[in-house]
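These numbers come from the heavy atoms of this one structure, side chains and all, not from hydrogens, waters or symmetry mates. We name chains A, B, ... by the order of the sequence lines, and we start the count at 1 in each one.
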Amino acid sequence: MPDKRKFHTVRGVRDILPPDSSLWNWFEATARDVLESFNFREIRLPIFEETELFARSVGLETDIVSKEMYTFHDPLDVEQAIKSVLGHGLDPTKVHLGSDASTSTSQIWDFLNKFESLTLRPEATASVARAYIENGMHTQPGLVKLYYAGPMFRRERPQKGRYRQFYQIGAEVLGTSDHPAIDAELIEMLTVLLERCKLGNWTLLVNSIGDPNCRPAYVELLREELRKVKDQLGQDSQRRVETNPLRVFDSKVPEEQALITNLPKITDHLCDACRQHFDDLRRQLDLRSIPYTHEPRLVRGLDYYMRTTFEITSTHLGAQNALAGGGRYDGLVEMLGGPPTKGIGFALGEDRFIEVIQAAGQISASSVGRPLDAFIVWMGAESYPAATRLARRLRGDGLCVELPAEEPKLRKALSLAERLGARFAIIIGENEIKTGVFAVKRFADGKQENLAEADVASFLRTSAPVANEAEAKTPQT
RNA sequence: GUGAGCGUAGCUCAGCGGCAGAGCAUCGGACUGUGGCUCCGAGGGUCGGGGGUUCAAAUCCCCUCGCUCACCCCA
């Protein structure tokens, strides 16, 4: 008896179906086009890495590393390891969950962590830094400008605009220079992409969070100020006062907002070098005519950020309103064992971009998807060979063609073609085989022409552009 | 991990103690070489799952699972 169990996606992941997938493909192609026009080149990275890479770069205390990573051990490696432990006369029950009250979960983790631990990437900057070091990319001439695209994984509770498998496109600039023009051009690149997506309702927020010279003193100052008003803070914020005072700025508790506004701003406590860098960044944005808001409360969550941080938010989204975010991470490569290297990058959330593009309504799956150019209706077994020849010819000419496998009734075939969105139906039956001309019917106005096989392709192509009809009609903004 | 809302056909939902429903979609027919319209018909259900109350439960009660949104945090 067949098992009637229905399989479904696991929590927080989803299918992306046609026609939506057309919009995704369009967005990815557009992003690639923009990034490559700034001379960025794609780096294809693995989906999983050693757990240690993310722990060290993203930061042990971050939510991402402490509770959101999909970490696993190769089962065969673990089996091997257990056997080797047994070979040393150790008690196997000591490593069996629940078999012994003295074996705690953390002890089991300690045991497992002696063996290679792997993690589905929660972000990709760490991988880029690893690849930069591993491949000796510091010997390449000039700046190393890379971009990546693909899925990331974080085990968070899903909500609007947040998924456990989500898609990011990111760009990174690595090398010996930390000139603010690099930061500004990276941001400019993002604004160009926003324009190409015909998005208007976005805001650029920028800030500087200092560097290891000036930030520790500021964090201490902030902590002292927060302690003075601790009893007015909620539980979450009270905890952060001790663990990570900067995070208090992220609070959305309404009662805390007034308090937060009056806290000392990090940009008032930067060292001279950081202050200069931030001032120059703003000048660089001005000379590019990029509107921005200085948001002193913008502190990014990942440990490796320093100096420049920025974020693009959209009013079209729900609570998860960040479309893209990034910042400078000058110490990261060296911390991972590479040469002293400056770095800056951003990641944008594809899921969120797609949502905003759809909400804006300027670009849609139907306007960027590939249309079905021709539906071939054939009648009678003797016409099928001619139909297959025609289909091959049209497809070879770059057209999208549907050829029914079974002989259809004419009325039903035309009905199906119309519902599939075909631009034309090409009718091949006894009459057409005799005369050698095909009836080509245009659905838009119902007009029909008789054409020789050799003329069909050019007729289909010239009578209407193949793709992006709707986009071409939309005035440039 | 916490809170709230919601689970009935592929989709959107009605029904809220008494035979499991509608619209849309799908398939077939009217209609044998000309689509859209119209009409007729068909298929499709563990009413999320389990337990309880009752002569009788989609409906009332309890538990559980799932989804959505929000918190936390982030793209």
Side-chain angles (χ1 to χ4, degrees), chain A residues 4-6 8-12 14 17 58-59 61-68 122-125 149-170 190 234-237 239-240 243-244 247-254 298-302 305 310-314 317-327 345-356 375 377-380 383 407-433 439-448:
Chain A
K4 289 212 174 159
R5 176 184 170 193
K6 271 189 186 172
H8 47 85
T9 57
V10 301
R11 183 196 289 265
R14 56 179 180 157
L17 309 172
V58 177
E61 300 306 317
T62 60
D63 278 12
I64 292 177
V65 170
S66 64
K67 58 187 190 199
E68 296 175 357
E123 58 108 48
T125 299
M152 309 292 160
F153 305 85
R154 291 182 201 171
R155 197 180 178 290
E156 299 174 279
R157 195 73 168 263
Q159 68 187 72
K160 192 174 178 63
R162 169 195 287 167
Y163 305 94
R164 288 184 170 186
Q165 175 174 333
F166 59 104
Y167 295 81
Q168 284 189 338
I169 296 175
L190 217 31
Q235 254 194 344
D236 286 327
S237 294
R239 179 172 39 79
R240 291 187 207 130
T243 57
N244 191 350
R247 293 253 71 87
V248 175
F249 286 119
D250 287 331
S251 167
K252 288 174 189 164
V253 180
L298 177 65
V299 292
R300 302 203 59 80
L302 281 48
Y305 285 122
F310 59 94
E311 189 168 288
I312 288 179
T313 60
S314 167
L317 292 166
Q320 307 305 318
N321 66 350
L323 274 177
F346 69 76
L348 65 85
E350 282 192 71
D351 306 80
R352 294 178 185 176
F353 255 83
I354 297 292
E355 200 163 310
V356 173
F375 187 105
V377 185
W378 58 277
M379 285 165 295
S383 67
E407 180 178 348
K409 285 184 183 170
L410 179 61
R411 179 185 294 275
K412 292 178 77 165
L414 288 173
S415 168
L416 178 60
E418 197 262 334
R419 283 179 297 158
L420 291 178
R423 297 169 52 231
F424 292 90
I426 301 170
I427 300 163
I428 308 175
E430 270 180 54
N431 301 340
E432 285 75 14
I433 295 297
V440 179
K441 183 186 185 69
R442 175 161 53 204
F443 281 104
D445 54 11
K447 283 190 180 137
Q448 191 162 316

Centroid distance under 5.5 Å and plane angle under 30°, A:F443 vs B:rG35: no
Gap in Å between the two C1' atoms, one belonging to B:rG52 and one to B:rG15, rounded: 24 Å
Whole-Å distance separating the CZ atom of A:R154 from the C1' atom of B:rC72: 14 Å
A:Q165 side, atom CD; A:T9 side, atom OG1 - distance, nearest 0.5 Å: 10.5 Å
A:L414 and A:F443: CA distance, side-chain angles, deciding distance, side-chain contact (heavy atoms from CB on, under 4.5 Å) verdict: CA-CA 9 Å; A:L414 288 173; A:F443 281 104; 4.2 Å; yes
Closest nucleotide among B:rG29, B:rU34, B:rC72 to the A:K441 side chain: B:rU34
side-chain hydrogen bond (donor to acceptor under 3.5 Å, both in side chains) partner of A:D351, the single match among A:R14, A:Q320, A:K160: A:R14
Strand partner of B:rC72, provided both Watson-Crick or wobble distances fall under 3.5 Å: none
From B:rU26, B:rA75, B:rU34, nucleotide with atom closest to A:R419 side chain: B:rU26
Nearest-0.5 Å distance that lies between atom CZ in A:R155 and atom NZ in A:K67: 11.5 Å
Proximal nucleotide (of B:rA75, B:rG35, B:rU68) relative to the A:A347 side chain: B:rA75
Nucleotide B:rU34, atom C1' - distance to CD1 of A:I428 in whole Å: 15 Å
Separation of the P atoms in B:rA20 and B:rG45, to the nearest angstrom: 15 Å
Atom P, compared across B:rG18 and B:rG1: separation rounded to whole Å: 39 Å
Nearest-angstrom distance from the residue atom CD of A:Q320 to C1' of B:rA75: 9 Å
Closest listed nucleotide, where the reference is the side chain of A:L410 and the choices are B:rC74, B:rG33, B:rG35: B:rG33
Given B:rU32, B:rC67, B:rA75, the nucleotide with the shortest approach to the side chain of A:R11: B:rC67
Watson-Crick/G-U partner (both atom distances under 3.5 Å) of B:rG43: none
Nearest-angstrom distance from the residue atom CZ of A:R300 to P of B:rC74: 8 Å
